[in-house]
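Here is the structure we will look at, set down as structure tokens.
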Amino acid sequence: MAIKIDLKRPIIEVEINGLHFEYDYSDSNLKKELEVGENALKKVAELDDQNGFEDAKDTLREAYDVYLGAGSFDQIYALTPSIIELGVGYVSLRTGLMEELEKRGEFKALKQSKSQKYIQSKKK
């Protein structure tokens, strides 16, 4: 008797303004997201009036490219040349991805794994 297990590719398909991208939620990419997310928050907090526009654009470029692949920001910006719209889109992207991961049970599995580790450590 053989045991058959089919694992899903860690990919979520994303469409923005008719452009198609793939969000990769593999372990290595999630690590990059955390690093970029921290840097993005710091950069946004340091924005000032003189160079805020370029800093915001660079921050969004880095964030989009981590989530959707290198060059994704430039493709989207070519169709929607507005940092404000891309900022709104980025919030929608993150929200949609988190909802999809929740629906797929990815966070549930992670939470269960952490709780199991905690339970095991308390038994010792």
Side-chain angles (χ1 to χ4, degrees):
M1 177 178 179
I3 297 173
K4 182 178 178 180
I5 300 172
D6 292 320
L7 300 175
K8 296 180 263 179
R9 281 183 57 218
I11 299 290
I12 296 173
E13 293 182 15
V14 176
E15 182 180 339
I16 299 174
N17 290 352
L19 300 171
H20 296 273
F21 303 97
E22 289 185 343
Y23 167 68
D24 174 3
Y25 61 94
S26 63
D27 294 345
S28 62
N29 204 49
L30 289 175
K31 184 178 177 185
K32 285 183 211 172
E33 283 176 34
L34 291 174
E35 292 169 4
V36 168
E38 289 297 318
N39 287 335
L41 290 175
K42 288 178 188 175
K43 286 180 184 178
V44 169
E46 295 170 356
L47 292 179
D48 61 40
D49 292 338
Q50 293 177 335
N51 57 6
F53 176 79
E54 285 304 316
D55 284 349
K57 189 174 178 181
D58 291 342
T59 299
L60 282 172
R61 175 179 282 112
E62 185 177 16
Y64 269 97
D65 287 357
V66 163
Y67 277 87
L68 301 177
S72 60
F73 174 85
D74 292 329
Q75 291 177 44
I76 298 165
Y77 190 77
L79 296 175
T80 309
S82 167
I83 294 303
I84 294 170
E85 285 300 316
L86 284 166
V88 170
Y90 179 68
V91 171
S92 297
L93 171 66
R94 287 205 47 170
T95 301
L97 290 172
M98 296 306 114
E99 288 172 357
E100 181 63 24
L101 288 169
E102 186 76 37
K103 189 167 60 175
R104 291 181 179 201
E106 300 300 331
F107 291 129
K108 186 176 179 182
L110 181 62
K111 287 177 189 174
Q112 287 175 343
S113 173
K114 286 183 178 181
S115 64
Q116 288 299 331
K117 286 180 185 178
Y118 176 78
I119 291 168
Q120 292 300 324
S121 69
K122 291 297 179 185
K123 286 183 178 179
K124 294 180 180 179

Evaluate whether atom CD of E13 has more than 12 neighbouring non-hydrogen atoms of other residues, nucleotides or ligands under 6.0 angstrom away.
no

Applying side chain to side chain contact (heavy atoms under 4.5 Å, CB included), name anything that partners I11, two or more places apart in sequence or on another chain.
R9, E22, D24

Quick one: does any side-chain atom of Y64 pair with a main-chain N or O of Y77 as donor and acceptor, under 3.5 Å?
no

Does some side-chain heavy atom of [Y] sit less than 4.5 Å from a side-chain heavy atom of [X]?
X	Y	value
K57	F73	yes
L68	L19	no
R104	I12	yes

Report the relative orientation of the aromatic rings in Y67 and Y90; use parallel for angles under 30°, tilted for 30 to 60°, perpendicular for over 60°.
perpendicular

In terms of hydrophobic clusters joined by side-chain contacts under 4.5 Å, are M98 and V88 together?
no

Verify the cluster assignment for L7 and I3: are they in a single hydrophobic cluster under the rule of side-chain heavy atoms below 4.5 Å apart?
yes

Rounded to the nearest 0.5 Å, what's the gap from [atom1] on [X] to [atom2] on [Y]? Could you check?
X	Y	atom1	atom2	value
L86	T59	CG	OG1	12.5 Å
T80	N17	OG1	CG	4.0 Å
L60	I76	CG	CD1	10.0 Å
K32	S26	NZ	OG	7.5 Å

Looking only at the side chains, is there a donor atom on one of Y23 and E33 sitting less than 3.5 Å from an acceptor on the other?
yes

Pairwise salt bridge (Lys or Arg N to Asp or Glu O under 4.0 Å) hits with a residue in residues 65-82, at least two apart
R61-D74

Pair V14, L97 - check side chain to side chain contact (heavy atoms under 4.5 Å, CB included), show working.
CA-CA 9 Å; V14 176; L97 290 172; 4.0 Å; yes

In terms of heavy-atom contacts, I83 and A56 come closest through CG2-CB, 4.1 Å

